[in-house]
K.L.:
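Please read through the structure below; I'll follow up with questions.
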Amino acid sequence: MNRPAVIHKTSPVGSVKPHWDDYEGERSRFSWRKARQALSGMPGGGINMAFEAVDRHLDTPTRDSVALRFVARNQPALDLSYAELARQTNRFANVLEGLGVQKGAHLFVLAGRMPALYIAVLGALKKGVVVTPMFSAFGPEPIATRINLGAGEVLVTTDVLYQRKIKPWRQQMPSLRHVLLVAEEGGLTQEPDTLDLGQLLREASDAFTTVNTSGQDPALLHFTSGTTGTPKGALHVHEAVVTHFQTGRYALDLHEEDRFWCTADPGWVTGTSYGIMAPLLQGVTSLIDREEFDAERWYHLLAEERISVWYTAPTALRMLMKAGKALAQQHRFPALRFVASVGEPLNPEAVWWGQEVLGLPIHDNWWQTETGGIMIANTPAFDIKPGSMGRPLPGIDAFIVEHLEFEGEPPRVRVLETPDVEGELALRANWPSMFRGYLNNETRYAKCFAGDLYLTGDLARRDAEGYFWFVGRADDVIKSAGHLIGPFEVESVLMEHAAVAEAGVIGKPDPVVGEVVKAFVSLKDGCTANEMLRMDILAHARKRLGPAVAPKEIAFLPVLPRTRSGKIMRRLLKARELGLPEGDTSTLEAGA
Ligand code: ATP
Ligand code: MG
């Protein structure tokens with residue numbers, strides 16, 4: 001495979017001209033004040049996410065375009081136009097109004113990727129109600145913990161999920177006043193102490209005047225993935241929509257004629273910021289697949305649904321790579337013109353794979369639940385350096401900092417100006433989708449700031465051309481014989497081996513060198529774990545990384561433990577290796 005260190009930005013694919021191609025110029029012209037003006041704002045002077053995403057289109061031809069297209073196995077596709085989405089979300093807002101739910105109250109959604117989820121999220125935002133979508137696969141305990149932390153007043157869920165995950169524990173969620181049930185496949189919604197959402201929607205008016213929320217009113221409470229510890233509840237406000245709008249253009253290059261597929265579930269921030277908000281703001285058609293990952297199905301959907309912009313995650317890409325090229329080569333993707341990825345470091349191998357199999361490189365981008373939107377990205381405006389997460393978007397100032405020796409709080413840091421030095425990634429906290437707090441955890445929130453810099457907890461380096469390279473999470477970095485080893489570098493090298501599908505690397509305590517590198521790998525379909533293969537992978541790593549950084553041990557696992565948002569949980573690999581307690585596993589994907 002041809003593996004260039006730089007993939008040059010290409011001329012536009014098809015007739016669509018990218019939104020930008022002058023990185024420096026656009027950065028110098030950009031201001032968040034001007035960015036706000038690109039949106040309508042409320043007639044009363046405020047700003048409301050759902051108004052911008054849905055109602056703003058009603059006076060334009062977009063109102064008749066498909067906003068959301070739901071597909072599922074064994075069911076016909078369901079298309080909702082912008083006009084229909086406006087009516088349905090109005091109905092939902094009226095249902096809340098009828099129940100006496102006030103602005104600022106908290107609503108949770110526990111449902112698969114079905115229309116009711118999207119209608120509830122947008123309808124609640126219209127009413128000024130704060131929303132949290134949860135993964136439907138969560139067990140009862142993580143659900144109750146989240147609802148209690150957010151003092152959830154309303155829950156939208158399905159009859160099946162209610163019976164399995166809520167009903168027996170309902171007494172433990174005293175704040176819950178209303179449970180609105182959606183019938184799954186013709187089921188019953190006549191549970192005591194619940195309401196039939198379908199019936200309430202039918203009875204409600206489809207006219208509603210969206211509440212004139214201020215940009216600073218809370219809108220969404222998102223929980224972090226729980227990769228490094230107990231998930232934290234990050235609160236976002238309505239003006240975050242300005243970031244969703246701008247980044248949808250800069251980092252995903254969304255154009256109104258696009259057919260967009262964001263594979264993330266709204267239970268993870270990506271599935272809301274980019275699975276709901278950003279595409280609606282740009283007036284595009286979004287595909288929503290109600291099924292779980294399946295390599296064959298995904299290729300089929302990309303091709304048959306004529307997806308033009310695709311936003312996915314490294315885990316999914318690695319699973320596609322694991323399934324082999326032959327499967328991909330059974331399909332053609334002529335409509336596809338831009339592919340992006342988020343959630344974990346994207347190994348260079350995956351960027352080149354995209355080039356070879358999809359005919360397009362994959363644009364890695366970096367952000368967090370806390371940042372609410374994409375901050376650093378590979379974009380159409382400049383060349384890709386595979387393995388780098390790209391450059392800060394217009395309006396985002398990113399730095400590499402080191403902590404100063406200082407025992408107290410808040411932390412103190414020094415900005416490292418020299419390129420190619422590793423340190424903590426920090427951002428000047430001045431963009432609209434910046435989180436406004438960790439719910440019930442002021443102390444933790446305060447620890448994230450040094451003056452006006454937000455400290456991300458990730459380690460990175462910046463090269464002379466302003467590209468940022470992810471090194472590892474501060475918690476995952478390995479200290480071995482005076483070296484600081486970032487797991488990403490080691491994992492990427494392991495991934496170069498033809499048999500390796502996935503790799504997770506930890507530091508294992510060692511009396512002599514502090515920590516030694518231990519790798520866990522899962523193999524590509526058709527490869528068998530044996531001693532010869534282990535030696536071969538070790539030899540490859542040693543050749544590429546040198547003996548100080550290469551793993552000393554390699555263990556084979558059928559799958560690596562990961563969060564429901566697809567992140568390898570290195571802390572769990574470590575806890576299991578050392579026989580320590582596993583800690584919070586509420587977001588662990590089943591079977592891992
Ligand atoms: P928790 O904070 O609960 O431990 P989490 O940090 O995984 O979980 P998210 O907010 O979903 O929760 O993930 C953000 C983190 O994901 C980032 O801080 C970073 O470590 C990682 N990440 C996201 N995108 C990238 C990327 N493109 N490259 C490298 N790392 C990434
Ligand atoms: Mg985090």
Side-chain angles (χ1 to χ4, degrees), residues 135 142 145-146 220-234 236 247 251 264-274 311-318 340-348 350-351 362-379 384-393 398 424-427 433-435 438-439 441 444-445 447-448 454-461 467-477 486-489 491-492 504 561-572 583-589:
F135 281 105
T145 311
R146 283 162 176 71
L220 293 159
L221 174 71
H222 282 303
F223 286 86
T224 60
S225 291
T227 314
T228 55
T230 303
K232 305 166 283 273
H236 290 277
T247 53
D265 187 278
W268 178 36
V269 67
T270 306
T272 306
S273 296
Y274 298 96
Y311 194 24
T312 189
T315 331
L317 293 166
R318 287 196 293 261
S341 161
V342 70
E344 282 201 293
L346 187 69
N347 315 87
V351 181
I362 295 163
H363 296 76
D364 183 25
N365 60 53
W366 177 96
W367 59 291
Q368 307 179 306
T369 307
E370 289 86 343
T371 71
I374 302 171
M375 300 281 110
I376 298 180
N378 289 284
T379 77
I384 295 176
K385 296 188 188 179
S388 158
M389 50 204 195
R391 302 206 263 186
L393 292 179
E424 185 166 355
L425 175 64
L427 306 166
S433 69
M434 176 61 176
F435 76 131
Y438 287 130
L439 207 63
N441 202 341
R444 181 74 191 245
Y445 182 64
K447 279 189 190 164
C448 296
Y454 163 64
L455 308 171
T456 66
D458 285 345
L459 301 183
R461 65 189 163 79
Y467 285 72
F468 282 74
W469 299 75
F470 184 78
V471 171
R473 293 166 183 267
D475 293 15
D476 291 336
V477 166
F488 177 49
E489 180 190 6
E491 289 161 8
S492 290
R562 53 172 156 253
T563 64
R564 295 203 175 278
S565 55
K567 293 157 195 275
I568 297 173
M569 292 173 90
R570 292 176 192 81
R571 71 173 163 98
L572 219 57
D584 191 308
T585 51
S586 60
T587 60
L588 178 66
E589 194 169 82

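Numbering of ligands and ligand atoms starts at 1, following listing order.
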K.L.:
Give the single entry among F488, W367, W268, W366 that approaches atom 25 (C) of ligand 1 most closely by any heavy atom.
P.N.:
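Result: the heavy atom closest to atom 25 (C) of ligand 1 is in W366.
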K.L.:
Has H236 got a side-chain atom pairing as donor or acceptor with T369's backbone, closer than 3.5 angstrom?
P.N.:
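Side chain of H236 to backbone of T369, a donor-acceptor pair under 3.5 Å: yes, one is there.
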K.L.:
Just let me know how D458 lines up against ligand 1, side chain, backbone, both or neither, with a heavy-atom cut-off below 4.0 Å.
P.N.:
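Contact part for D458 vs ligand 1: side chain (C-beta onward).
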K.L.:
Flag K567 as yes when one of its N or O atoms lies below 3.5 Å from any N or O atom of ligand 1, and as no otherwise.
P.N.:
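Between K567 and ligand 1 (N or O atoms, distance only) the closest approach is under 3.5 Å.
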K.L.:
Is D364 touching ligand 1 with its side chain, its backbone, both, or neither, if touching means heavy atoms under 4.0 Å apart?
P.N.:
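Looking at D364 and ligand 1, just side chain atoms fall under 4.0 Å.
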K.L.:
For Q368, is at least one N or O under 3.5 Å away from an N or O on ligand 1?
P.N.:
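Yes: some nitrogen or oxygen of Q368 is under 3.5 Å from one in ligand 1.
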K.L.:
Considering only protein heavy atoms, which is closest to atom 24 (N) of ligand 1, and at what distance to one decimal place?
P.N.:
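Sorting protein heavy atoms by distance from atom 24 (N) of ligand 1 puts G343 N, 3.1 Å first.
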K.L.:
State which residues pass salt bridge (charged side-chain N to carboxylate O under 4.0 Å, His left out) with E370; sequence neighbours excluded, sorted by chain then number.
P.N.:
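Per chain and number, E370 pairs via salt bridge (charged side-chain N to carboxylate O under 4.0 Å, His left out) with no residue.
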K.L.:
Parallel, tilted or perpendicular: which fits the ring planes of W367 and Y274, with parallel below 30° and perpendicular above 60°?
P.N.:
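Perpendicular.
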K.L.:
Identify, by atom number and element, the atoms of ligand 1 in contact range of N365, meaning under 4.0 Å from any of its heavy atoms.
P.N.:
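This gives 24 (N), 26 (C), 27 (N) as the contact atoms.
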K.L.:
Is F470 touching ligand 1 with its side chain, its backbone, both, or neither, if touching means heavy atoms under 4.0 Å apart?
P.N.:
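The side chain, only.
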K.L.:
Tell me every residue that passes side chain to side chain donor-acceptor pair (under 3.5 Å) with Y454, counting only those two or more places apart in sequence or in another chain.
P.N.:
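Applying side chain to side chain donor-acceptor pair (under 3.5 Å) to Y454 gives Q368.
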K.L.:
Below 4.0 angstrom from a heavy atom of T369, which ligand 1 atoms are there? Numbered from 1 as shown, please.
P.N.:
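The list of qualifying atoms is 9 (P), 10 (O), 11 (O).
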K.L.:
Any donor-acceptor pair under 3.5 Å linking the side-chain atoms of S225 with those of T227?
P.N.:
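Per modelled atom types, T227 and S225 side chains form no pair under 3.5 Å.
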K.L.:
Provide, to 0.1 Å, the distance between atom 12 (O) of ligand 1 and the closest protein heavy atom, together with that atom's residue and name.
P.N.:
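Checked against all protein heavy atoms, atom 12 (O) of ligand 1 sits closest to S225 N, 3.1 Å.
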K.L.:
What part of K232, side chain, backbone, both or neither, has a heavy atom within less than 4.0 angstrom of ligand 1?
P.N.:
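Only the side chain of K232 comes within reach of ligand 1.
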K.L.:
Quick test of your reading of the model: are K567 and E344 salt-bridged, counting only N-O distances below 4.0 Å?
P.N.:
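No salt bridge links K567 with E344.
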K.L.:
Which of the atoms of ligand 1 are close to G226, meaning less than 4.0 Å from one of its heavy atoms?
P.N.:
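The atoms of ligand 1 under 4.0 Å from a heavy atom of G226 are 1 (P), 3 (O), 4 (O), 8 (O).
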K.L.:
What are the atoms of ligand 1, with element, lying closer than 4.0 Å to any heavy atom of T227?
P.N.:
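What qualifies from ligand 1 is 1 (P), 3 (O), 4 (O), 5 (P), 7 (O), 8 (O).
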